There are 2 protein chains.
Amino acid sequence: MLTSQQLSDVLRANGYKVTPQRLAVYEALAATKSHPTAEMLFSTLQPKYPSMSFATVYKTVEILDRIHVIKILNTGEDSMRYDADTSIHHHIQCNECGRVDDLMDVDSSGLVKEAENLSGYDIAGHQFYFFGVCPHCRKAHQN
Amino acid sequence: MLTSQQLSDVLRANGYKVTPQRLAVYEALAATKSHPTAEMLFSTLQPKYPSMSFATVYKTVEILDRIHVIKILNTGEDSMRYDADTSIHHHIQCNECGRVDDLMDVDSSGLVKEAENLSGYDIAGHQFYFFGVCPHCRKAHQN
DNA sequence: AACATTTTAATAATCTTTATTATTTATTTT
DNA sequence: AAAATAAATAATAAAGATTATTAAAATGTT
C-alpha cells in the first residue's frame, strides 16, 4: 500500500507520467480487500470520474502491474482480479458466492524451495489458489 | 488416465453419450504432458477429425471437466489449459517460453490444512502455480 | 430397422481485453 | 509564465476466447 506521493515517485521513476486517473485507480484498489475485477473498479470510479473509460482502467492496471505495485489474480473466472497488496500471500475463493479472501499467514517458502529443486526452474513468483465454501455460505446451509 | 472403455463407462454413468469426438479429445489430452489450450487441442485433432469444430472442443472439455476426468488450468494467460491428469499435483510455467510443466512430488496437504484453519472455509480443491525460467531457457541465456 | 433423444457442426453472439487515433493533459524548455 | 514536446486519455473499433443457437447427424433403445 503506497501513498499517492510514493506511487507518484514510482511512476516517474519508471518513466510514466502521474495522472489523476492513475492515482484514482490505485486508490480504489488499495481501499478494498475484495480483489475487484476491471468492471468493479470501473463502477467504483464512475461516480468520481464519470469520463473515465474502460480502456483507461485496463491500461492503468497493466502499468501498475508492470511497475510491481499491484498483483493480478486469476481464479479461473472469465475476468482477472486485481490486488494492491503485493506482499506474498495467497487466496481462497468461495465456490458458491464467488468472494475471494486473503490468506495471509500461510508460509509457502518451503514449497517454493522444494519446487525449485524438483523442477530446475529459477522461480520468480508463485500464486496459490484454494477453493471451497466460505464460512458465510456454510452458515447459510444450516438453515 | 483412463482407457477408452473406462471413459465410455464414466460418460454413460453421467448420462452422456459416447461419441468418437469425446474419446478423441480425451485421448489427445491424455497423450500429452504439455497442458494444451483449446486451440492446441483443435490443431492436434484437425488431421484426424477435419470436420470437428471449435465449439465441440469447448463443449467436450466442459463435459470432461464436469465428470472430473480432466482438470482446467489457469496460469493467467488469455486462454485456459487442460490436463488429463487429475491427481493432485501442481504446475510451473516458464515466463519466457510459456511452457507449463508438472510438479508432481510437492506435498501440499499441510498447507491445505493450515489454510482451512485460518480461513474457516471448507476447502474442496486447490491449485498452485509457480512461475520462473525453465532449465532450457536458463541454458539459452548462457550463450 | 425405426424412433426418440442427444450431439455435432456451423454460425452467430457475447464478453473480456487490446489496438487505434484524435484530443487533451502533463512535463520540459524557453 | 508561455510555448513546445511528449505522453495519456477517451472513444471507438478490433481482436480473441468462450458460449449460445439451431438444423443436421449420430447414438442408444425399442
Side-chain angles (χ1 to χ4, degrees), chain A residues 4-5 7-29 35-43 45-67 70 72-82 98, chain B residues 4-5 7-28 35-67 70 72-82 98:
Chain A
S4 294
Q5 187 55 60
L7 175 57
S8 303
D9 291 345
V10 178
L11 280 167
R12 284 204 197 86
N14 286 274
Y16 294 107
K17 294 195 170 170
V18 177
T19 68
Q21 289 89 339
R22 285 173 185 173
L23 299 178
V25 169
Y26 181 82
E27 269 175 39
L29 200 52
H35 312 91
T37 61
E39 197 197 355
M40 296 168 183
L41 278 175
F42 179 75
S43 303
L45 294 165
Q46 194 73 314
K48 261 194 166 175
Y49 296 83
S51 81
M52 191 186 296
S53 79
F54 245 103
T56 299
V57 175
Y58 277 110
K59 276 221 155 177
T60 303
V61 292
E62 187 195 323
I63 290 170
L64 294 178
D65 177 58
R66 198 179 309 143
I67 65 179
I70 71 169
I72 297 180
L73 305 186
N74 190 337
T75 62
E77 296 166 297
D78 43 7
S79 27
M80 306 276 185
R81 289 170 174 265
Y82 305 95
Chain B
S4 294
Q5 187 55 58
L7 175 58
S8 302
D9 291 344
V10 177
L11 280 168
R12 284 201 199 88
N14 285 273
Y16 294 106
K17 293 195 170 169
V18 177
T19 67
Q21 289 88 340
R22 286 174 185 171
L23 298 178
V25 168
Y26 181 82
E27 267 175 41
H35 311 92
T37 61
E39 198 197 355
M40 295 169 184
L41 277 175
F42 179 76
S43 303
T44 303
L45 294 165
Q46 194 73 315
K48 261 193 166 176
Y49 296 83
S51 80
M52 192 186 297
S53 78
F54 246 102
T56 298
V57 175
Y58 278 112
K59 278 221 152 176
T60 303
V61 291
E62 188 195 322
I63 290 170
L64 295 177
D65 177 58
R66 197 178 310 145
I67 64 178
I70 70 169
I72 298 180
L73 306 186
N74 228 276
T75 61
E77 297 166 297
D78 43 7
S79 28
M80 307 276 186
R81 288 171 175 266
Y82 305 94

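So that the names make sense, note that chain A is the first sequence line, chain B the second, and so on, each numbered from 1. The structure presented is a predicted model; accordingly, all values stated were derived computationally and were not measured.
- Residues that satisfy the side-chain hydrogen bond (donor to acceptor under 3.5 Å, both in side chains) test with B/Ser4, not counting sequence neighbours, are B/Glu27.
- Note that OH of A/Tyr82 and CG of A/Leu29 are 9.5 Å apart. Values are rounded to the nearest 0.5 Å.
- Fit an axis to the five pairs at each end of the helix from C/dA1-D/dT30 to C/dT30-D/dA1 and the two axes sit 30° apart, to the nearest 10 degrees.
- Annotation: side-chain hydrogen bond (donor to acceptor under 3.5 Å, both in side chains) contacts of A/Thr56 (sequence neighbours excluded): A/Ser53.
- A search for side-chain contact (heavy atoms from CB on, under 4.5 Å) contacts involving B/Gln46 returns B/Phe42, not counting sequence neighbours.
- With sequence neighbours excluded, the residues satisfying side-chain hydrogen bond (donor to acceptor under 3.5 Å, both in side chains) with B/Asp9 are B/Gln5.
- First and last contacting nucleotides of DNA chain D toward chain A (any atom under 4.0 angstrom from a heavy atom, 5' to 3' order): D/dA6 to D/dA11.
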Contact pattern, 5' to 3', of nucleotides 4-22 of chain C - B, S or - by protein heavy atom under 4.0 Å: -BSSSBB-----SBBB---
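- When the side-chain hydrogen bond (donor to acceptor under 3.5 Å, both in side chains) test is applied to A/Gln21, no partner is found at least two apart in sequence or on another chain.
- By the salt bridge (Lys or Arg N to Asp or Glu O under 4.0 Å) test, B/Arg22 is found to be paired with no residue, residues two or more places apart in sequence or in another chain being considered.
- Listed by chain and number, the residues in a salt bridge (Lys or Arg N to Asp or Glu O under 4.0 Å) with B/Glu39 amount to none (sequence neighbours excluded).
- With sequence neighbours left out, A/Glu62 forms a salt bridge (Lys or Arg N to Asp or Glu O under 4.0 Å) with A/Arg66.
- Annotation: salt bridge (Lys or Arg N to Asp or Glu O under 4.0 Å) contacts involving residues 45-55 of chain B, sequence neighbours excluded, are absent.
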